[in-house]
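A short write-up of the structure that comes next.
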Amino acid sequence: MRIVVLTGAGISAESGVPTFRDADGLWEGHRVEDVATPEAFERDPRTVQRFYDERRRAVAAVRPNPAHVALAELERRLGDDLVVVTQNIDDLHEQAGSTRVVHMHGRLDTALCETCGARTPVDRDLADDAGCPACGTASLRPDVVWFGEMPYDLDRIDLELAACDRFVAIGTSGAVYPAAGFVLTAAGFGARTLELNLVESEVSLLFDEVRHGLASMLVPAWVDEILAEVG
Ligand code: NAD
């Protein structure tokens with residue numbers, strides 16, 4: 001059985017990483033247009049670097065929760081038949097032991113050089129020290145996909161969606177495309193689709209089945225079902 005899991009900020013919420021849109025419509029107190037667009041970076045690079053430096057420091061202190069751990073356990077059983085496509089820029093899937101993870105919106109623990117295109121590991125603040133180790137120019141930016149930019153690995157994701165038997169979306173609001181449309185692609189190729197979320201998402205109606213609750217409860221229970229099914 002081939003499975004594609006799409007995760008969003010909701011899977012990391014119980015680890016202590018705030019989700020994207022709080023009730024006030026802000027991301028950690030900032031308007032999205034001020035910190036998560038190429039225009040914001042052009043206008044005020046220091047504020048944007050500081051914002052992601054804070055996020056990097058915050059996620060360095062958090063640990064995976066039972067939802068991440070259950071997905072890693074599922075990979076140990078299914079191997080190459082499971083891929084986790086995440087919109088998250090934290091590394092909690094990897095910390096839990098998952099290895100087949102596609103970070104379609106980039107990640108906080110690498111930096112991207114605007115001059116030479118190199119992606120290099122980073123565990124320090126970029127605001128004050130942005131020299132690229134590959135080309136030496138001071139043009140490192142956060143390796144995250146901002147609004148208006150093309151997500152990573154879409155060709156690979158399309159192939160995985162076309163080949164899967166199950167598509168499961170966990171803790172994602174269905175507000176950010178193209179990820180919000182993956183359910184339609186998978187269903188169009190015949191996959192059975194399931195959404196796990198605290199509440200209704202913007203695309204709940206598109207799924208064959210929807211379950212509401214905490215990811216830390218719903219994901220381990222669903223993984224147990226799959227493990228029983230595949231034997
Ligand atoms: P979102 O914040 O728009 O939506 C979060 C979803 O998770 C909501 O539908 C909410 O109901 C659900 N949720 C919250 N707590 C939950 C829980 N305990 N169990 C189950 N579901 C829960 O997130 P999104 O759809 O991923 O879009 C946000 C964008 O912002 C992403 O593209 C990402 O790049 C970025 N982001 C990343 C992180 C991270 O890396 N952890 C955090 C915030 C934002």
Side-chain angles (χ1 to χ4, degrees), residues 5-38 40 48 51-71 84-96 98 101-110 112 142-154 157 168-183 194-207 210-223:
V5 171
L6 171 69
T7 63
I11 197 169
S12 296
E14 292 166 77
S15 291
V17 186
T19 56
F20 188 34
R21 287 183 191 81
D22 284 325
D24 58 8
L26 301 177
W27 185 5
E28 302 261 3
H30 294 261
R31 291 187 326 146
V32 166
E33 310 88 78
D34 293 338
V35 292
T37 62
V48 175
F51 176 77
Y52 288 98
D53 285 344
E54 280 168 28
R55 305 281 73 71
R56 188 178 304 105
R57 270 186 262 130
V59 306
V62 301
R63 295 292 164 255
N65 67 56
H68 301 99
V69 171
L71 291 178
V84 174
V85 177
T86 188
Q87 298 166 87
N88 295 342
I89 54 180
D90 64 53
D91 68 345
L92 291 173
H93 287 300
E94 287 85 354
Q95 278 194 45
S98 289
V101 184
V102 179
H103 280 269
M104 64 177 291
H105 289 166
R107 43 196 301 167
L108 283 166
D109 56 10
T110 57
L112 174 67
D143 187 17
V144 298
V145 175
W146 288 323
F147 287 93
E149 295 183 320
M150 184 69 89
Y152 289 129
D153 297 318
L154 287 180
I157 294 168
V168 183
I170 303 169
T172 175
S173 59
V176 180
Y177 282 81
F182 290 170
V183 56
L194 168 67
E195 178 177 69
L196 307 178
N197 200 308
L198 208 48
V199 295
E200 292 267 293
S201 79
E202 293 189 22
V203 291
S204 293
L205 284 174
L206 302 176
F207 286 81
V210 173
R211 299 180 190 173
H212 289 156
L214 293 169
S216 63
M217 309 290 287
L218 294 181
V219 179
W222 170 73
V223 166

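Remember, it's 1-based here, ligands and their atoms both numbered in the order they're listed. Worth saying up front: this structure is predicted, and the values here are computed from it rather than measured.
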* To do: Measure the distance from atom 31 (C) of ligand 1 to every protein heavy atom, then report the residue, atom name and distance (to 0.1 Å) of the closest one.
  => Gln87 O, 3.6 Å

* To do: Using atom types as modelled and distance alone, determine if a side-chain donor or acceptor of Thr37 lies under 3.5 Å from a backbone N or O of Ala40.
  => yes

* Specify the closest pair of heavy atoms between Ala180 and Gly174, including all atoms of both residues, with the distance to one decimal. => CB-O, 3.4 Å

* **Heavy-atom nearest neighbour in the protein, as seen from atom 12 (C) of ligand 1, with distance rounded to 0.1 Å** => Asn197 OD1, 3.2 Å

* Asked: How long is the span from the CD atom in Glu200 to the CD atom in Glu195, to the nearest 0.5 Å?
  -> 7.5 Å

* What closest approach, in Å, do Ile89 and Tyr52 show between heavy atoms, and which atom pair accounts for it? -> CD1-CE2, 4.1 Å

* Structure fact -> Among Thr7, Val145, Leu198, Leu6, the residue with a heavy atom nearest to atom 15 (N) of ligand 1 is Leu198

* Asked: For atom 16 (C) of ligand 1, what is the nearest protein heavy atom, given as residue, atom name and distance?
  -> Gly10 O, 3.5 Å

* Examine Val199 against ligand 1 and note whether any of their N/O atoms are separated by less than 3.5 Å. => no

* Asked: Should you measure from each heavy atom of Ala13, which atoms of ligand 1 turn up under 4.0 Å away?
  -> 15 (N)

* Asked: Looking at Phe51, is Arg55 sitting on its ring face, NZ or CZ under 6.0 Å from the six-membered ring centre and within 45 degrees of the normal?
  -> yes

* To do: Taking all heavy atoms of Phe20 and all of Val176, pick out the closest pair and write down the distance.
  => CE2-CG2, 4.4 Å

* Structure fact -> Gly8 heavy atoms within 4.0 Å reach ligand 1 at atoms 26 (O)

* In ligand 1, which numbered atoms sit nearer than 4.0 Å to a non-hydrogen atom of Gly213? -> 19 (N), 20 (C)

* For ligand 1, is there an atom lying under 4.0 Å from some heavy atom of Pro18? -> yes

* Just by distance, do the side chain of Asp143 and the backbone of Asp109 share a donor-acceptor pair under 3.5 Å? -> no

* Atoms in ligand 1 with a heavy atom of Ala215 nearer than 4.0 Å -> 17 (C), 19 (N), 20 (C)

* At the 4.0 Å heavy-atom cut-off, does Ala179 count as touching ligand 1? -> no

* How far is atom 26 (O) of ligand 1 from its nearest protein heavy atom, and which residue and atom is that? -> Ala9 N, 2.8 Å

* Just need the protein heavy atom nearest to atom 32 (O) of ligand 1, so name the residue and atom and give the distance. => His105 ND1, 2.6 Å

* Structure fact -> Across all chains, not counting sequence neighbours, the side-chain hydrogen bond (donor to acceptor under 3.5 Å, both in side chains) partners of Thr86 are Thr7

* Go through ligand 1 atom by atom and flag the ones less than 4.0 Å from a non-hydrogen atom of Glu14. => 17 (C), 18 (N), 19 (N)

* To do: Applying side-chain contact (heavy atoms from CB on, under 4.5 Å), name anything that partners Ala58, two or more places apart in sequence or on another chain.
  => none

* Atoms of ligand 1, numbered as shown, that sit under 4.0 Å from any heavy atom of Val17 -> 41 (N)

* For atom 5 (C) of ligand 1, closest protein heavy-atom neighbour -> Gly171 O, 3.7 Å

* Could you tell me whether Trp27 and ligand 1 have an N or O pair separated by under 3.5 Å? => no

* Structure fact -> A student checking ligand 1 against Ser12 at a 4.0 Å heavy-atom cut-off should list atoms 41 (N)

* Does Asn65 use its side chain to pair, donor to acceptor, with the backbone of Ala67 at less than 3.5 Å? -> yes

* Heavy-atom nearest neighbour in the protein, as seen from atom 4 (O) of ligand 1, with distance rounded to 0.1 Å -> Ser173 CB, 3.4 Å

* Counting from 1, what ligand 1 atoms have a heavy atom of Leu214 closer than 4.0 Å? -> 18 (N), 19 (N)

* Say whether, by atom type as modelled, one donor and one acceptor occur between the side chain of His212 and the main chain of Leu196 under 3.5 angstrom. => no

* Asked: With no hydrogens and no angle check, is any side-chain donor or acceptor of Ser204 less than 3.5 Å from a backbone partner on Ser201?
  -> yes

* **Spacing of Leu194 atom CG and Arg211 atom CZ [to the nearest 0.5 Å]** => 5.0 Å

* Distance from atom 40 (O) of ligand 1 to nearest protein heavy atom, with residue and atom -> Ile89 N, 2.7 Å

